[in-house]
Amino acid sequence: MTTLTNIARKRVAILISGRGSNMMSLVEAAGAADFPVEIVCVISNRPDAAGLAWAKTKGLRALAIDHKTYASREAFEADLQRALDEHKVELVALAGFMRLMTPSFVNRWHNRMINIHPSLLPSFKGLHTHEAAIAAGVKIAGCTVHFVRAELDTGPIIAQAAVPVLTSDTAADLGARVLAAEHRIYPYALRLVATGQATVNGDIVVLDQSIKHDPGLFSPAVNVVSTVQSQRKA
Ligand code: GRF
């Protein structure tokens, strides 16, 4: 049986600004004995973030670094970096972290910082993605996990999940459907990065050959397909 001690676990910090439902999905995934990640701290730039309170109830190191108390973005990031160093963080996962980062900070974490965005990038960057998707009349929406680059919502794509857009959808309806997909895809993508099965080559993520590209609305889809199959057999 796999135990917590016999797999290599990457030290991960999760950065949030709000309710933290994606953080919760990562924390829950990291509770599995075979998940190759240890969540060593949760950091919020907003002291009142609901997700921070939740992290504390789980016994996680939960820190507030209030950006409003800093004179500059650089000064805020210097303290953020100090906290990451202190916790010997190897990978950073942004989960609804609503602060723009300087190119210098982003470059420091090149290929070691990932983000989840509620659209099928490169479509619908920025805020209000669900309103924009409905206004554009797209029939498929979704979410993307990607490595972070200095330009907002760009960077090599690790995984994407697609969901249908229904004629009756409000932005809230679509947002809820996309969020459920986010909670599935983020732990999966973090696992790929932590194990080294997803690596960056130029602007593209290359996946280990053991990852099969099954057709489907979740890509890479192999894990989800096998989960669904095993549920059907049960
Ligand atoms: C998610 O939709 C995520 O994709 C975006 O911000 C939202 C955060 O939600 N970056 P939560 O705080 O994880 O619930």
Side-chain angles (χ1 to χ4, degrees), residues 12-31 37 39 41-58 60 62-67 80 91-101 105-106 109 113-135 138 140-165 169-193 217-219:
V12 171
I14 306 177
L15 271 54
I16 63 168
S17 298
R19 70 188 159 184
S21 70
N22 278 291
M23 168 205 65
M24 293 173 196
S25 73
L26 297 180
V27 168
E28 275 155 23
V37 157
I39 308 298
C41 59
V42 173
I43 302 176
S44 173
N45 64 311
R46 292 186 178 278
D48 59 351
L52 206 55
W54 182 88
K56 280 184 193 145
T57 68
K58 293 287 159 184
L60 291 165
L63 316 171
I65 304 180
D66 185 353
H67 69 274
L80 178 57
L91 281 175
V92 174
L94 306 181
F97 184 69
M98 303 302 283
R99 282 303 285 166
L100 290 176
M101 288 168 161
F105 186 86
V106 171
W109 287 92
M113 179 155 66
I114 65 176
N115 180 46
I116 186 151
H117 182 75
S119 78
L120 291 172
L121 291 173
S123 293
F124 309 122
K125 294 173 182 168
L127 297 174
H128 310 301
T129 53
H130 309 307
E131 286 85 346
I134 289 171
V138 297
I140 294 178
C143 50
T144 303
V145 181
H146 62 98
F147 285 100
V148 176
R149 294 292 182 262
E151 203 184 320
L152 183 70
D153 298 329
T154 63
I157 291 169
I158 303 157
Q160 292 186 306
V163 301
V165 183
D169 272 349
T170 62
D173 296 333
L174 180 57
R177 197 174 304 123
V178 171
L179 192 65
E182 292 183 41
H183 297 159
R184 290 166 59 212
I185 205 171
Y186 209 179
Y188 183 54
L190 179 59
R191 174 193 283 276
L192 291 180
V193 174
L217 293 176
F218 185 111
S219 183

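As the structure lists them, so they are numbered: ligands from 1, and atoms in each ligand from 1. Every heavy atom of this structure was used, including side-chain atoms; hydrogens, water molecules and symmetry mates were not.
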Q. Under a heavy-atom criterion of less than 4.0 Å, does Ile116 contact ligand 1?
A. yes
(Q) Which heavy atom of Pro122 sits nearest to which heavy atom of Lys125, and what is that distance? (A) O-CE, 3.7 Å
Q: Please identify which atoms of ligand 1 are closer than 4.0 Å to at least one heavy atom of Gly96.
A: 6 (O), 8 (C), 10 (N)
Q) Do ligand 1 and Ala95 have nitrogen or oxygen atoms that lie under 3.5 Å from each other? A) no
**Q.** atom 1 (C) of ligand 1: nearest protein contact (heavy atom, Å)
**A.** Glu182 OE1, 3.1 Å
Q | Option whose closest heavy atom lies nearest to atom 12 (O) of ligand 1, chosen from Gly20, Ala181, Gly175 | A | Gly20
Q. Looking only at side chains, do His117 and Thr129 share a donor and an acceptor under 3.5 Å apart?
A. no
Q) Does Asn115 reach ligand 1 with a nitrogen or oxygen that is under 3.5 Å from one of the ligand's nitrogen or oxygen atoms? A) no
Q: For the residue pair Pro164 and Arg177, establish whether any side-chain heavy-atom pair is separated by less than 4.5 Å.
A: yes
(Q) Strictly distance-based, threshold 3.5 Å: is any side-chain N or O of Thr170 a donor or acceptor partner for the main-chain N or O of Asp173? (A) yes
Q.
Which of the numbered atoms in ligand 1 are under 4.0 angstrom from any heavy atom belonging to Pro118?
A. 2 (O), 4 (O), 5 (C)
Q.
Can you report which non-hydrogen protein atom sits closest to atom 13 (O) of ligand 1, along with the distance?
A. Asn22 N, 2.9 Å
Q | Considering all heavy atoms, the nearest Ala95-Met23 contact | A | CB-N, 4.0 Å
Q: Would you mind checking which non-hydrogen protein atom is closest to atom 9 (O) of ligand 1, with the distance to 0.1 Å?
A: Arg19 NH2, 3.3 Å
Q | Minimum-distance pair of heavy atoms, taken over all atoms of Ile39 and Ala30 | A | CG1-CB, 3.8 Å
Q) For Ser25 and Pro187, which heavy atoms make the closest approach, and how far apart are they? A) O-CG, 3.7 Å
